[in-house]
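Read through the structure below, which is laid out as structure tokens, and then see the notes.
The chains referred to below are lettered A, B, ... by the order of the sequence lines, with proteins before strands, and numbering in each begins at 1.
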Amino acid sequence: MKVRTRLAPSPTGDPHVGTAYQALFGYVWAKVNGGEFVLRIEDTDQERSTEASEVAILDSLKWVGIEWDEGPDVGGPFGPYRQSDRLHIYREHIDLLIEKGHAYPCFCTKERLDSVRKKLIEEKAPNRGYDRKCRDIPPSEAAERIAAGEPYVVRMKIPLEGECLFQDLLRGEIRKDWASIDDQVIMKADGFPTYHLAVVVDDHLMEITHIIRGEEWINSVPKHVLLYQFFGWKPPLYCHLPLLRNPDKSKLSKRKNPTSINYYRKAGYLPEALLNYLGMMGWHMPDGSEKFSVQEMIESFDLNDISLGGPVFDRAKLRWLNGRYIREDYSVAELSETLQGWALNPEYISKVTEVVASRLETLSDWGYFTAMFFSDSVPVTEDLLAVKDMENGEVLELLQVTVWKLEKLHEWNSSTISTVLKEVAEQYEMKLKNLTSPLYGAICGSKIAPPLFDSMEVLGSDLCRTRISAAMDVLGGLSGKKLKKLEKKFRA
RNA sequence: GACCCCAUCGUUUAACGGUUAGGACACUGGCCUUUCACGCCGGCAAUACGGGUUCGAUUCCCGUUGGGGUCACCA
């Protein structure tokens with residue numbers, strides 16, 4: 001049987017380095033076996049999925065050098081490769097499960113679910129899932145209620161007792177009590193399937209042989225193998241990769257580390273270096289060499305050699321590796337060309353020039369004013385971030401709220417940025433000037449700088465957000481506790 | 001909290017059950033050099049703990065501790 005692996009990102013945000021990590025291992029494993037690598041877009045969350053994100057993900061993966069044999073852009077014999085285009089398939093399968101008595105409509109409201117959950121947590125109950133209220137509604141009654149237009153979801157019937165046992169390629173046998181799993185929703189009220197249903201149906205139909213993904217999914221495997229059982233299908237082989245970590249060992253997150261592939265691109269990392277670095281997270285060349293291409297990786301790779309400790313994504317080492325590529329693989333001519341592709345091209349130069357033009361007295365002033373547009377970080381000092389009559393802690397809060405608000409921006413341009421900053425200033429009842437002041441420091445590394453909003457637009461969201469975070473570190477950073485409190489306040 | 005996963009220098013990784021526990025990044029001393037970087041030579045630094053199994057455990061088993069993840073009409 002031909003080995004087929006897949007990457008199944010959901011288009012709900014920035015392209016994540018963790019996605020590239022899983023893509024690399026999935027891709028390499030397919031190629032080790034002369035098989036195929038499939039890209040499938042998991043956009044079953046109508047609320048959060050955006051086309052912009054999908055485009056960005058495909059674009060980043062291409063940039064980093066991952067290729068797929070089948071996918072939404074290139075098609076293939078198992079399409080469509082976008083889950084929102086496969087709804088009728090899921091619907092059929094859901095109906096089949098209901099028919100066979102493996103799934104049932106559930107009419108519980110969100111409010112009831114919330115209160116049940118809350119109560120269970122208060123009671124410190126070991127299981128905090130759904131109480132299965134609708135599991136035993138007679139099918140005829142359920143049909144009537146549906147006909148009457150009552151909103152409902154569909155849940156799968158998890159066994160009430162016994163144990164689920166499955167194999168993970170790297171971890172061996174994993175077992176989990178069925179009683180610890182609640183009746184998972186497989187179809188939402190909007191008629192879309194949930195991940196659990198869609199992933200199983202698609203992996204089967206697309207003849208995926210190896211599921212290579214993050215460790216975070218281990219706990220949902222029982223639901224999936226049960227679905228395979230319900231359908232009478234043979235489950236694929238599971239291989240859960242360790243999770244990439246922040247320096248504090250928690251799961252890699254943009255709160256603590258730049259996670260967007262776009263950041264690394266904008267900051268001037270080479271795609272082959274980034275991919276190489278990801279390849280040494282949990283795996284190593286047999287001879288111990290640290291610089292290797294994807295092709296070389298394919299020649300020596302074995303899934304079984306992956307080590308399981310969660311590797312910390314170490315930007316310092318990535319930087320070193322990137323430097324090695326530049327030094328060892330690029331002639332001056334090649335480097336010049338690469339720089340042109342990166343930022344030294346007419347498009348970017350003209351954008352940058354537009355921002356600084358009015359400030360130039362000589363052409364050579366250009367270099368002085370635009371250095372910040374060609375850098376990863378800028379030098380920030382505490383006094384650059386100071387705001388009159390404000391303590392560092394307050395500035396920190398301000399910057400954090402600004403970052404959060406900027407993160408939510410769908411469109412990144414001078415005017416949307418300006419709107420956000422005005423909102424923040426208003427919220428804190430302060431002059432806009434007092435908010436932009438530390439931002440000039442954080443973004444430009446100087447009080448003398450081109451207009452902030454325009455500069456931020458040109459610089460792009462990834463670099464801006466990273467620079468603001470770096471500035472916050474200069475101020476000592478927010479403690480976990482404060483951050484939590486602030487987040488609560490921010491959400492409210 | 002319940003459940004699941006994991007455990008070698010600060011980080012990333014080596015070590016058929018027998019090694020002075022190795023490499024790389026970071027840090028650091030020196031050399032090279034007009035400076036910096038690169039490069040070269042050196043240094044610091046780890047088997048979480050407690051029990052077994054064994055002639056012998058980093059390695060196998062159990063427990064403890066620690067870390068992480070999952071417990072959504074998100075994936």
- Message: Has T370(A) got a side-chain atom pairing as donor or acceptor with F373(A)'s backbone, closer than 3.5 angstrom?
- Response: no

- Is E407(A) atom CD crowded by more than 12 heavy atoms from other residues, nucleotides or ligands, each under 6.0 Å away? yes

- Message: Applying the Watson-Crick and G-U wobble criteria at under 3.5 Å, what pairs with G39(B)? Answer none if nothing qualifies.
- Response: C31(B)

- Separation of C4(B) P from Q167(A) CD (nearest whole Å): 16 Å

Contacts under 3.5 Å, N or O only, protein and nucleotides 35-38 of chain B:
{"unit_1": "C38(B)", "atom_1": "O3'", "unit_2": "R327(A)", "atom_2": "NH1", "d": "3.4"}

- Here the distance between atom C1' of G67(B) and atom CG of L243(A), to the nearest Å, is 13 Å

- R319(A) atom CZ, neighbour heavy-atom count above 12 within 6.0 Å: no

- Using atom CZ of R324(A) as one end and atom C1' of U12(B) as the other, report the distance to the nearest whole Å. 14 Å

- R6(A) side chain vs D203(A) backbone, donor-acceptor pair below 3.5 Å: no

- Heavy-atom closest pair (Y325(A) atom, Y330(A) atom, distance to 0.1 Å) is O-CD1, 3.4 Å

- Message: Heavy atoms only, 4.0 Å cut-off, all strands: where does G323(A) land among base, sugar-phosphate and nothing?
- Response: nothing

- Message: Between C9(B) and A24(B), how many Å separate the two C1' atoms, rounded to a whole number?
- Response: 12 Å

- Please work out whether the ring planes of Y27(A) and F37(A) are parallel, tilted or perpendicular, with thresholds of 30° and 60°. perpendicular

- Any cation-pi pair here, R145(A) with Y152(A), using under 6.0 Å and within 45°? no

- Message: What is the distance, to the nearest angstrom, from the NZ atom on K249(A) to the P atom on G66(B)?
- Response: 16 Å

- Message: I need the minimum non-hydrogen distance between V153(A) and M187(A), along with the two atoms involved.
- Response: CB-O, 3.2 Å

- In the structure shown, which nucleotide is the Watson-Crick or G-U wobble counterpart of G1(B), with both distances under 3.5 Å? C71(B)

- What is the nucleic acid contact for G288(A), judged by heavy atoms within less than 4.0 Å: base, sugar-phosphate only, or nothing? nothing

- Query: Separation of I306(A) atom CD1 from U13(B) atom P, in whole Å?
  - Reply: 11 Å

- Message: What does the B/S/- profile of nucleotides 70-75 of chain B look like, 5' to 3', with a 4.0 Å heavy-atom cutoff to protein?
- Response: S-SBBB

- The Watson-Crick or G-U wobble partner of C25(B), with both key distances under 3.5 Å, is G10(B)

Each nucleotide N or O in nucleotides 24-27 of chain B that has a protein N or O under 3.5 Å away: list the pair and distance.
{"unit_1": "A24(B)", "atom_1": "O4'", "unit_2": "E290(A)", "atom_2": "OE1", "d": "3.3"}
{"unit_1": "A24(B)", "atom_1": "O2'", "unit_2": "E290(A)", "atom_2": "OE1", "d": "2.4"}
{"unit_1": "A24(B)", "atom_1": "O2'", "unit_2": "K317(A)", "atom_2": "NZ", "d": "3.1"}
{"unit_1": "A24(B)", "atom_1": "N3", "unit_2": "K317(A)", "atom_2": "NZ", "d": "3.0"}
{"unit_1": "C25(B)", "atom_1": "OP1", "unit_2": "W320(A)", "atom_2": "NE1", "d": "3.4"}

- Note on the structure: In short, W63(A) meets Y264(A) closest at the heavy-atom pair CH2-C, 4.4 Å

- Query: Between C6(B) and U47(B), how far is it from one C1' atom to the other, in whole Å?
  - Reply: 16 Å

- Could you work out the separation of U65(B) and G50(B) based on their C1' atoms and round it to a whole Å? 10 Å

- Can you spot which of F292(A), Y21(A), Y277(A) makes a ring pair (Phe, Tyr, Trp, His ring centres under 6.0 Å) with W283(A)? F292(A)

- Item | Span that lies between the C1' atom of G63(B) and that of A45(B), in whole angstrom | 30 Å

- Nearest-Å distance once atom P is located in both C44(B) and G22(B): 11 Å

- Please say whether more than 12 non-hydrogen atoms of neighbouring residues, nucleotides or ligands are located less than 6.0 Å from CD in E161(A). no

- Rounded C1' spacing from C32(B) to G42(B) in Å: 15 Å

- Query: For the residue pair Y195(A) and H224(A), does the interplanar ring angle fall in the parallel (under 30°), tilted (30 to 60°) or perpendicular (over 60°) class?
  - Reply: tilted

- Query: Quick one: E163(A) CD to C3(B) C1', roughly how many Å, whole number?
  - Reply: 12 Å

- Query: Any side-chain heavy atom of L39(A) within less than 4.5 Å of one from P9(A)?
  - Reply: yes

- Task: May I ask which nucleotide in the shown strands pairs with G50(B), Watson-Crick or G-U wobble, both distances under 3.5 Å?
- Result: C62(B)

- Message: Given U12(B), C6(B), C4(B), identify the nucleotide with an atom nearest to the side chain of I174(A).
- Response: C4(B)

